[in-house]
Novice: 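Attaching a single structure in structure tokens format; questions to follow.
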Protein chains: 2
Amino acid sequence: MRISKAEATDSVNGSSLPRQRRTYSIGELARMFEVTPRTIRFYEQEGLLAPERRGQTRIYHEKDRVRLKLTLRGKRLGFSLAEIREVIEMYDAMPDGNARQLKRLLEILADKRSNMERQLEDIRLMQRELDDVEMRAREVLERLGQP
Amino acid sequence: MRISKAEATDSVNGSSLPRQRRTYSIGELARMFEVTPRTIRFYEQEGLLAPERRGQTRIYHEKDRVRLKLTLRGKRLGFSLAEIREVIEMYDAMPDGNARQLKRLLEILADKRSNMERQLEDIRLMQRELDDVEMRAREVLERLGQP
DNA sequence: CAACTACTTTACGTTAACGTCAACGTCGTC
DNA sequence: GACGACGTTGACGTTAACGTAAAGTAGTTG
């Protein structure tokens, strides 16, 4: 569990200004999200990214950046790369997806939802624990005469 | 990311009724929390649990059960066993803890807190994504004439 | 008492998610 | 034209968190 901070502001699809012709090198992207190039290449190998190529070199567009962002967010929520890929793949296949696939997608989404409900509850409970522990710790500190 | 459900209701320390003389075998505990005995032994080996012994056999009390519960909750929130152990250890050492240790504990707690703040935000964002994807999926299904 | 069942230790295997290192190509620039 | 920064592809190493299999013990049940 890293504690990154940047993650470049930008909404996911509500792009009002199509000043989008920006591209990124693997290094830029890596610094942006505080990961290593190795990580990004690994995600590609796992089917989470599919950047353009100029010769050997990878060229990343906005779409790729957004995917990477979603991937990292998913990771922080404890999803495996395989799970994330599954959703991404289905999302991409959506416009022409058959009914069976779409229903499967809805299932997965429902699953992730309940997962997050549980996490919300876990967080609430955990916060109480932390409150409790912190209170006790402060009490002891008090008794030690050290504010 | 498993989707368990049980996790035996019971508050963490607000025990109004001290009908506490219940103990558990490793198997009982395992079924309770839907983990394997192996997992529980592993947690002990990693210093997260320290059950009583009757001969060779492990005997778990309420205290151990609560610890296990907190451990699993921590895991679902993405904490490593090492992190969880650190907090548990400091918590146990609290009554006679020196000021330095206590301040360190408060630091760790603050860290976990900010971690969870971020997770809350991640969850909100992720829920929006899911809403979005689900909407699109339903639209396509609609167009296929299959409610 | 034999067969279960649940428990134990020891030890090696496995998986995910990268890290690390080698060996090489390609720019820009001093 | 040598240097440094950045990129590439293998390929092997590493860590966390268990799984799995072997081999033994302890209680109880028909």
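Quick caveat, the model's predicted, so the values are computed rather than measured. Here is the naming used below: chain letters follow the sequence lines, and residue numbers restart at 1 for every chain.
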Novice: With B:Glu86, which residues qualify under side chain to side chain contact (heavy atoms under 4.5 Å, CB included), at least two apart?
Specialist: B:Arg104, B:Ile108
Novice: Answer yes or no: is there a donor N or O on one side and an acceptor on the other, between the side chain of B:Arg118 and the main chain of B:Ser114, under 3.5 Å?
Specialist: no
Novice: Using atom CZ of A:Phe33 as one end and atom C1' of C:dC18 as the other, report the distance to the nearest whole Å.
Specialist: 18 Å
Novice: Checking B:Arg113 now: which residues fulfil salt bridge (Lys or Arg N to Asp or Glu O under 4.0 Å) with it, not counting sequence neighbours?
Specialist: A:Asp131, A:Glu134
Novice: Mind checking side chain to side chain donor-acceptor pair (under 3.5 Å) for B:Tyr24 and listing every partner two or more places apart, or none if nothing turns up?
Specialist: B:Glu62
Novice: Taking only residues two or more places apart in sequence, or in another chain, which ones meet B:Gln101 in a side chain to side chain contact (heavy atoms under 4.5 Å, CB included)?
Specialist: B:Met90, B:Ala93, B:Asn98
Novice: Can you name the residues that form a salt bridge (Lys or Arg N to Asp or Glu O under 4.0 Å) with B:Arg128, not counting sequence neighbours?
Specialist: none
Novice: Starting at CG of A:Leu68 and ending at P of C:dA17, how long is that distance when rounded to a whole Å?
Specialist: 15 Å
Novice: Atom pairs under 3.5 Å, N or O on each side, protein against nucleotides 19-23 of chain D: can you list them with distances?
Specialist:
{"residue": "D:dG19", "atom": "OP2", "partner": "B:Thr36", "partner atom": "OG1", "Å": "2.7"}
{"residue": "D:dG19", "atom": "OP2", "partner": "B:Thr39", "partner atom": "OG1", "Å": "3.3"}
{"residue": "D:dG19", "atom": "N7", "partner": "B:Arg38", "partner atom": "NE", "Å": "3.1"}
{"residue": "D:dG19", "atom": "O6", "partner": "B:Arg38", "partner atom": "NH2", "Å": "2.9"}
{"residue": "D:dT20", "atom": "O4", "partner": "B:Arg38", "partner atom": "NE", "Å": "3.1"}

Novice: Check the phosphate of D:dC18 against B:Tyr43, side-chain N and O only, distance under 4.0 Å to OP1 or OP2. Yes or no?
Specialist: yes
Novice: Please confirm whether the shortest side-chain N or O distance from B:Lys75 to OP1 or OP2 of D:dA16 is below 4.0 Å.
Specialist: no
Novice: Roughly, in whole Å, what's the span from CD in A:Gln45 to C1' in C:dA17?
Specialist: 11 Å
Novice: List for me each residue that meets side chain to side chain contact (heavy atoms under 4.5 Å, CB included) alongside A:Thr36, sequence neighbours excluded, and say none if there are none.
Specialist: A:Arg38, A:Thr39
Novice: Name all residues meeting the salt bridge (Lys or Arg N to Asp or Glu O under 4.0 Å) criterion together with A:Glu121; count only those two or more places apart in sequence or in a different chain, and write none if there are none.
Specialist: A:Arg124
Novice: Whole angstrom is fine here: how far is it from CD in A:Glu44 over to P in C:dC18?
Specialist: 15 Å
Novice: Pair up each side-chain donor or acceptor in residues 41-53 of chain A with any protein partner under 3.5 Å, not counting sequence neighbours, and list the distances.
Specialist:
{"residue": "A:Glu44", "atom": "OE1", "partner": "A:Arg58", "partner atom": "NE", "Å": "2.6"}
{"residue": "A:Glu44", "atom": "OE2", "partner": "A:Arg53", "partner atom": "NH2", "Å": "3.3"}
{"residue": "A:Glu52", "atom": "OE1", "partner": "A:His61", "partner atom": "NE2", "Å": "2.9"}
{"residue": "A:Arg53", "atom": "NH1", "partner": "A:Gln56", "partner atom": "O", "Å": "2.8"}

Novice: A:Ala82: what forms a side chain to side chain contact (heavy atoms under 4.5 Å, CB included) with it, not counting sequence neighbours?
Specialist: A:Ser80, A:Arg85
Novice: What integer distance in Å separates B:Phe79:CZ from D:dA16:P?
Specialist: 17 Å
Novice: Between the protein and nucleotides 3-9 of chain D, list every N/O to N/O distance that falls short of 3.5 Å.
Specialist:
{"residue": "D:dG7", "atom": "OP1", "partner": "A:Ser25", "partner atom": "OG", "Å": "3.0"}
{"residue": "D:dG7", "atom": "OP1", "partner": "A:Gly27", "partner atom": "N", "Å": "2.9"}
{"residue": "D:dT8", "atom": "OP1", "partner": "A:Arg58", "partner atom": "N", "Å": "3.0"}
{"residue": "D:dT8", "atom": "OP1", "partner": "A:Arg58", "partner atom": "NH1", "Å": "2.9"}
{"residue": "D:dT8", "atom": "OP2", "partner": "A:Arg41", "partner atom": "NE", "Å": "3.0"}
{"residue": "D:dT8", "atom": "OP2", "partner": "A:Arg41", "partner atom": "NH2", "Å": "2.8"}
{"residue": "D:dT8", "atom": "O5'", "partner": "A:Arg58", "partner atom": "NH1", "Å": "3.3"}
{"residue": "D:dT9", "atom": "OP1", "partner": "A:Arg53", "partner atom": "NH1", "Å": "3.0"}
{"residue": "D:dT9", "atom": "OP1", "partner": "A:Arg53", "partner atom": "NH2", "Å": "3.1"}
{"residue": "D:dT9", "atom": "OP1", "partner": "A:Arg58", "partner atom": "NH2", "Å": "3.4"}
{"residue": "D:dT9", "atom": "OP2", "partner": "A:Arg58", "partner atom": "NH1", "Å": "2.8"}
{"residue": "D:dT9", "atom": "OP2", "partner": "A:Arg58", "partner atom": "NH2", "Å": "2.8"}

Novice: Please report, rounded to the nearest Å, how far the P atom of C:dC7 is from the CG atom of B:Leu29.
Specialist: 11 Å
Novice: What's the CD-C1' distance between B:Glu83 and D:dT15, to the nearest Å?
Specialist: 14 Å
Novice: Kindly calculate the angle separating the two end axes of the helix from C:dC1-D:dG30 to C:dC30-D:dG1, each obtained from five base pairs, and round it to 10 degrees.
Specialist: 10°
Novice: Among B:Asn115, B:Leu77, B:Leu70, find the one that has a side-chain contact (heavy atoms from CB on, under 4.5 Å) with A:Met126.
Specialist: B:Leu77
Novice: Rounded to whole angstrom units, what separation is found between the CG atom of B:Leu72 and the P atom of D:dA17?
Specialist: 12 Å
